[in-house]
Amino acid sequence: MSTTSIPDDLLLRERFTEIRPPLSPQAAVIEANRCLNCFDAPCTAACPTHIDVPGFIKRISTGNLRGSALRILDANILGSSCAKACPVEVLCEGACVMHRYNTEPIQIGRLQRYAMDSFQATGEELLTAPRGSRNVQVACIGGGPASLACAAELCRHGAHAIIIERNELPGGLNTYGVAEYKLRTSDSLREAEMIRRMGVEFRTGAAIETAEALEELESEFDFLFLGVGLGAMQRMNIPGEDQKGVLNALEFIASYKTGRLKELSGTVVVVGAGNTAIDAANAARRLGAETVYLLYRRGEREMTAFDFEYEHAKHEGVQFLWRRQPYRIRTSERGRLLLDTVQVNEVDRLLQPVDGSEQVIECDYVIPAIGQSPFAQLVQELRRIELRNGVIVVDPETGQTDNPRYFAGGDCANGGKEVVDAVADGKRAARAILKIAEAAYA
Amino acid sequence: MPDIRVHQFAGKIDGPNPFWLASGPVSNKGEQIMRAFDAGWGGAVWKTIGDPATNTSPRYSSVDWNGHRMMGLSSIERISDRPIEENLRELAEVKRYYPYHPIIASLMAESVRESWHEIAQRAEDAGADGLELNFSGSQAGSLSQDPERTEMITAWVKEKARIPVLVKLSPNATNIRVVAAAARRGGADGLSAINTVNSIPRIDLDTLVPEPNVGGAGTYGGFAGPAVKPIALNIVQQIMSDPASALPLSGIGGISTWRDAVEFMLLGCTTVQVCTAAMHYGYRVVEDMAEGLENWMRTKGFATLEDLRGLSLQRVTGWEGLNRDYKVVAHINEQKCIGCGLCQISCWDGANQCIHSDRVSGPVNGRIELHDGPPTVEFRSRTSIATTPVTRQERAAAASNHGPYPTPLAKIPRVDETECTGCNLCALVCPVDECITMVPVGQNARPEHRGQSSLASEIAAEPQRS
């Protein structure tokens, strides 16, 4: 199964210029030389995958770019997408000692991208242990970052791993859900392709939704890794939400990233104030919407998006409407949407509508972005596995569930975090599986 | 205002300040030297005059370090490639316009008495204020290390010259004092030190040819620039601390700032010469040199250059002369520490294994076996579970620093003073000014500098983390 089937869309590229553009070779060396090369570096500690940041940066400064990239990939097989998609401000760059040195932190994300881009340009493939040198077979369900990392780690050590993905393309949210100005779909697919070349088998367009399908996998594989992510986006549960012009943020993002939606115009209202809401609102602006409102039932200080995401959205021209909640969507005579909203105040953690504050927002699209529900279908079949609030309970050190043959990682086990957290989960699970397999043979 | 004028250097040379252009590409033409005087230079040693040389292209190569260009510059350029008469005509012209700026003619001739007599006479007739005998450039070959010929040629020139004669010394001699003493015996009025250091600065890893690559081959160059300053200072001290070799000295070698210049003066130099810094940034570098020197002298209360000249000579001794009872230990200023850990790794791998990250777990003093080494410390960090702080609460928790200092207490290394040898390495690697200081202990101890008493309160202020 091919892992690359979306051609680059030049118009899309133009609209979604990267917010973290590549460094020129000279700029990369200058930036690399700024790094103090800390011992027991806080950036490395802050990274969920513990990339040896000073190690790869110093390799850039000496021109050892291959060594730099391999250093990154050794800790994080999705080093390329993480370089682009990571919220570095709250991870490595947030931990950089330069903050206390009265200067800007090292641009770790951009340096990592520089090393990864250089490596990808060489077309070199990653070395793996001979396939089958570890006699363990693992099926990773879900084709997102957690499964990719888990399968790649297993494969590198000679185990056999397959990835089962219900969508046509692998990569999960890296392919379908990360804002295009951060990570391009083609980048995600290139990374999946690298992992395929390492020897990981991909079965795409294959859904596992029944207990029977799971049992079949159990008979074929020693271990199952669940990297199924979260479920569909939450509904607003208000009248009129099923009409044309209303689509949830992830659907919206996937549509423009895969070329099904090329342009917007008019007014767009995004409901919610998380990072996905920001991604959707920014995308709406870049796709041509003249006016984009972001509607949030609480205030600026309560919004869950990262501060830098909020700043970014303000720069993109997104307008924020605080403490306002939608309660109905109607259609105007001219075929536009009428979003009925009301001001709400928080009293004892409950939101109370303010009488007389109703306001109608005439718009063309409403994009709810109020979080994903816990993954429903498959998880309900996992009767032998403990769930808490719809999230799979795992041993944090190993990713093992209470069914010893099942491991889990990524959003379905951590409740919804970043790509790099999913990679860390997948890697830890793979190492735990390898350890168990080794012990069984010893 | 301090007086930075030069008086009667080598007997007769006066000038507005001690900063001279060294003989080299920066002092090749009259037009250049006039612009340099306008920029503030206090004198110039004319690019060596002699039978015109031929040159190669390219002729320079440099050593870059950590992104900084030209930490050292290597040159294979030879002496002036212009006719003697052209150089001397321009020299005379510059002297007409700048009668109070000393111009020293650097000279080179074949080892024949008449040749030296002739060129010395012509330079003096052109109006040079002094002569600098170039026995020591990369073009001079073995002469730079030969005391007999150094003495002989110096004596020949002295037979003719009425203006001061300086001999420029090479760092490539086995014992600089022997060559300097020979120049002195020959009658030299002063010395210039050092000339460039023999070098192969770098080899191109694609062509495998040493640089500068002149059509497929390289040769030995003369190395200069900031990298050679310590070598130059050592040689200056060697010359000036021996009565048999000490003479009025013009210091050369990696001088890029007024600070460098002051160091040369503290070891006995009256004037200093600069080439690489002016090649790198232009004549304007002299502005800060002169101002910086004046301001430093004002701060320190020196009225003239003679007041400070040679003051550090008496502070140099052989190793045997050092006080081995003197003892310092490293002290980390916790308010300033940024938590880079460089002191810790350098102490473990390059010194005495006495800087530890044990402020939170509880300080332990004593021998190496009692402590976690760098691999253990790093292993702990790299196997811990870190997650992205996604929610506002997680972010607030990640940003909060449960400790009394800007850096989390766990990341501020601690010096085990019972094991610290006071070697100083940690203070050198620390990127923060005044963060690590070396504090005298024992009979030299000053109680207010001791940091131990605060440790208990620090630990109390750090809540236990689960």
Side-chain angles (χ1 to χ4, degrees), chain A residues 26 29-42 44-52 54 58 61-63 75 86-92 94-103 274-275 301-307 396-397 414-422 424-425 428, chain B residues 64-69 205-206 335-349 355-357 372-399 401 405-408 410-413 426 429-433 435:
Chain A
Q26 172 117 48
V29 170
I30 290 171
E31 189 64 7
N33 276 321
R34 265 196 343 115
C35 172
L36 293 176
N37 204 355
C38 294
F39 163 68
D40 190 25
T44 294
C47 174
T49 63
H50 299 311
I51 291 174
D52 174 11
K58 284 301 139 186
S61 73
T62 67
C86 263
V88 290
E89 292 85 346
V90 298
L91 290 169
C92 51
C96 180
V97 301
M98 290 290 180
H99 290 291
R100 296 189 288 267
Y101 198 44
N102 270 336
T103 180
N275 295 316
R301 290 198 313 177
E302 286 84 23
M303 75 185 296
T304 54
F306 295 123
D307 295 341
E397 302 279 343
N414 65 30
K417 283 190 182 286
E418 297 290 323
V419 178
V420 68
D421 295 288
D425 288 351
R428 270 192 295 268
Chain B
D64 300 341
W65 190 77
N66 246 15
H68 288 270
R69 296 289 193 234
L205 295 188
D206 293 319
Q335 283 294 349
K336 293 189 171 181
C337 176
I338 61 172
C340 72
L342 290 176
C343 54
Q344 188 177 358
I345 191 67
S346 67
C347 185
W348 271 84
D349 291 4
I355 299 186
H356 312 299
S357 40
D372 291 333
T376 310
V377 173
E378 282 200 324
F379 180 80
R380 206 178 288 133
S381 302
R382 292 180 188 190
T383 49
S384 68
I385 294 181
T387 57
T388 307
V390 176
T391 64
R392 293 197 81 84
Q393 295 91 315
E394 285 169 342
R395 266 177 273 156
N401 163 21
Y405 306 116
T407 293
K411 295 298 292 179
I412 305 177
C426 55
V429 301
C430 177
V432 182
D433 287 343
C435 176

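Below, chains carry the letters A, B, ... as their sequence lines are ordered, and counting in each starts from 1. It should be emphasised that the depicted structure is a prediction, and the values quoted were computed from it without experimental measurement. Only heavy atoms go into these numbers, but all of them, side chains included; no hydrogens, no water, no symmetry mates.
Within the 4.5 angstrom heavy-atom criterion, no atom of Asn275(A) approaches chain B. Looking at Gln26(A), only its side chain comes within 4.5 Å of chain B, counting heavy atoms on both sides. No part of Ala424(A) comes within reach of chain B, as not one of its non-hydrogen atoms sits under 4.5 angstrom from that chain. Heavy atoms of Val29(A) lying under 4.5 Å from chain B are absent altogether. Ser61(A) does not touch chain B: none of its heavy atoms, backbone or side chain, sits under 4.5 Å away. When heavy atoms are compared at a cutoff of 4.5 Å, Arg301(A) approaches chain B solely by way of its backbone atoms N, CA, C and O. Contacts of Leu91(A) with chain B are made by side-chain atoms alone, with heavy-atom separations under 4.5 Å and no backbone atom involved. Heavy atoms of Thr407(B) lying under 4.5 Å from chain A belong to its backbone as well as its side chain. Neither the backbone nor the side chain of Pro54(A) comes within contact range of chain B; no heavy atom of the residue lies under 4.5 Å from a heavy atom of that chain.
Comparing Arg380(B), Lys336(B), Arg395(B) by heavy-atom pairs within less than 4.5 Å of chain A, the highest count is held by Arg395(B). In terms of non-hydrogen atom pairs under 4.5 Å with chain A, the most contact-rich of Thr383(B), Ile338(B), Val377(B), Val390(B) is Ile338(B). Note on Cys343(B), Ala398(B), Pro374(B): by heavy-atom pairs under 4.5 Å with chain A, the leading option is Pro374(B). By number of non-hydrogen pairs under 4.5 angstrom with chain A, the leading residue of Gly341(B), Gly339(B), Ala386(B) is Ala386(B). For the options Val90(A), Asn414(A), Asn37(A), Asp425(A), heavy-atom pairs under 4.5 Å to chain B are most numerous at Val90(A).
Here Ser384(B) contributes atom OG and Glu397(A) contributes atom CD; the two are 9.5 Å apart, rounded to the nearest 0.5 Å.
Remark: Gln393(B) engages Thr391(B) in a side-chain contact (heavy atoms from CB on, under 4.5 Å) (not counting sequence neighbours).
Residues of residues 94-103 of chain A having a heavy atom under 4.5 Å from any heavy atom of chain B, listed by number: Val97(A), Arg100(A), Tyr101(A).
Counting heavy atoms from C-beta outward, Thr388(B) and Phe306(A) have side chains that approach closer than 4.5 Å.
With hydrogens and angles ignored, the 3.5 Å screen pairs no side-chain donor or acceptor of Asn33(A) with any backbone N or O of Ile30(A). Lys411(B) contributes no side-chain N or O that, together with a main-chain N or O of Cys337(B), makes up a donor-acceptor pair within less than 3.5 Å. Although no hydrogens or angles enter the test, the distance criterion places a donor-acceptor pair under 3.5 Å between the side chain of Lys58(A) and the main chain of Ala32(A).
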